[in-house]
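Please read the structure below before turning to the comments.
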Amino acid sequence: MMLQLLELVPYITIFIFGITIGSFLNVCIYRLPLGESVVTAPSHCMSCGEKLHWYDMVPVFSWIILGGKCRNCKARISVQYPIIESVNGILYVIICAVNGWNLMSGVYCLMASALVVLAVIDWRTYEIPFGINVFLLIMGAAATVLDGRSGVISHLIGMICVSGLLEIIYLVSGGAAIGGGDIKMMFACGLLLGWQRILLAFLLGCILGSVIHILRIKFQGEGHMLAMGPYLAAGVFLAALWGNQWIHWYLGLLNL
């Protein structure tokens, strides 16, 4: 029993680290679309502007203790805060459980956090912040280095095999069919995943986007304008963790 509890300690630790990073992700989600600094400006209540104390910013728990209200003005605090923090912590645990305790898992954790911010902002604004794509490109460079010389070509091809296709679609449609942020995202994530997994990520993103958006149109009266970022982000995350296994399984079916 004690041994089993000790085995959970690393995952509890990475979860706590994940929800702590998740608190910063909330700052990015709110401030990046407004062009505000995510570093220099102090954390404050979105309603009354009161500067928050450290004990009001403990991830997840402060929101629960405060009953989802500002200590000062009693205004409602969005449930987004604990949700984003919890999701980020859970994603970190999943990554380490699936991919192991290594440097690449660290890259994937940072990638997952960037994808969370990207997905929420694009869902709301239909725009992907350029800085998030730059960060993903840096993670792509780190993943390429960690993969070693044998994987460099795959990563470099990955940058252009999907983003190049999307760029052609963008030029032909005059920007009506795809957004520039999506192209930059797939360029950066292509470097991160390599050509095989970025193709799979794109396929998964398109399937998820098509199915979910059709359901939203049917049951929620949603318009036909689609933010692809959240679905591509989901595809990238799935391909990063399980892409190689799924690709090998598929090739095995074809006896390749």
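In this structure, the side chains of F135 and L110 come closer than 4.5 Å at one or more pairs of heavy atoms. With contacts defined as side-chain heavy-atom distances shorter than 4.5 Å, the pair I132/L32 qualifies. Within the 4.5 Å cutoff, the side chain of Y92 has no heavy atoms near those of the F15 side chain. A 4.5 Å side-chain heavy-atom check between I14 and F17 finds at least one atom pair inside the cut-off. Inter-residue side-chain proximity for P129 and L118 is flagged as unmet; no heavy-atom pair is nearer than 4.5 Å. Side chains of I121 and I128 form no contact here, defined as non-hydrogen atoms less than 4.5 Å apart. The shortest distance between side-chain heavy atoms of F187 and L166 does not fall below 4.5 Å. Side-chain contact between L199 and F202 is absent, with no heavy-atom pair separated by less than 4.5 Å.
In this structure, W101 places its CH2 atom where more than 12 heavy-atom neighbours from other residues, nucleotides or ligands lie under 6.0 Å away.
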| field | Trace of the side-chain contact (heavy atoms from CB on, under 4.5 Å) decision for L115 with V236 | value | CA-CA 9 Å; L115 292 175; V236 167; 3.9 Å; yes
| said: Test side-chain contact (heavy atoms from CB on, under 4.5 Å) on F61 and V58; report intermediate values, then the result. | reply: CA-CA 6 Å; F61 298 103; V58 178; 4.3 Å; yes
| task | Report the C-alpha distance between C161 and I198 in whole Å, list the side-chain angles of each, state the deciding distance to 0.1 Å, and finish with yes or no for side-chain contact (heavy atoms from CB on, under 4.5 Å). | result | CA-CA 8 Å; C161 65; I198 196 61; 3.5 Å; yes
| request: Apply side-chain contact (heavy atoms from CB on, under 4.5 Å) to W246 and L241, showing your working. | output: CA-CA 10 Å; W246 293 347; L241 292 188; over 6 Å; no
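In this structure a side-chain-to-backbone donor-acceptor pair under 3.5 Å is missing from R31 to E36. No side-chain donor-acceptor contact under 3.5 Å links H213 to the backbone of G209.
The shortest non-hydrogen separation linking D122 to E127 is OD1-N, 3.1 Å. In terms of heavy atoms, A119 sits closest to P230 at O-CG, 3.4 Å. Scanning both residues, C70 and C73, for their nearest heavy atoms gives SG-N, 3.4 Å. Scanning all heavy atoms of the two residues, the minimum distance from A177 to I169 falls at CB-CG2, 3.7 Å. Between A141 and L191, the shortest heavy-atom distance links the atoms N-CD2, 3.6 Å. A pairwise comparison of heavy atoms in E85 and V60 identifies OE1-N, 2.6 Å as the closest pair.
How far CE of M139 is from CE of M104: 11.5 Å, rounded to the nearest 0.5 Å. A distance of 10.0 Å separates OG1 in T125 from CG in L34, rounded to the nearest 0.5 Å. Residue I65 holds its CD1 atom at 8.5 Å from CZ of R71, rounded to the nearest 0.5 Å. Distance check: M111 CE to L136 CG gives 8.5 Å after rounding to the nearest 0.5 Å. Rounding to the nearest 0.5 Å gives a distance of 13.0 Å between CD1 of I21 and CD1 of I16. Here the CZ atom belonging to F130 is positioned 8.5 Å from the CG atom belonging to L137, to the nearest 0.5 angstrom.
The list of side-chain hydrogen bond (donor to acceptor under 3.5 Å, both in side chains) pairs with a residue in residues 175-203, not counting sequence neighbours, reads Y108-R197.
Hydrophobic clustering places V27 together with V120 (ILVMFWY residues linked when any side-chain heavy atoms are closer than 4.5 Å, directly or through intermediates). I178 and W123 fall within the same hydrophobic cluster, where Ile, Leu, Val, Met, Phe, Trp and Tyr residues are linked whenever their side-chain heavy atoms come under 4.5 Å apart, directly or through other members. Using a 4.5 Å cut-off between side-chain heavy atoms of Ile, Leu, Val, Met, Phe, Trp and Tyr, with links allowed through other members, F219 and L226 fall into different hydrophobic clusters. V38 and V134 fall within a single hydrophobic cluster, where Ile, Leu, Val, Met, Phe, Trp and Tyr are joined by side-chain heavy atoms under 4.5 Å apart, directly or via other members. In terms of hydrophobic clustering, with Ile, Leu, Val, Met, Phe, Trp and Tyr side chains grouped at heavy-atom distances under 4.5 Å, L238 and I207 are assigned to different clusters.
Between D56 and the options I77, L66, N72, a side-chain contact (heavy atoms from CB on, under 4.5 Å) holds for only L66.
The aromatic rings of W242 and F237 stand perpendicular to each other, their planes meeting at an angle above 60°, with 30° marking the opposite boundary.
S210 and Y231 share no donor-acceptor pair across their side chains, judged by distance under 3.5 Å alone. Using modelled atom types and a 3.5 Å distance limit, the side chains of N102 and S105 yield a donor-acceptor pair.
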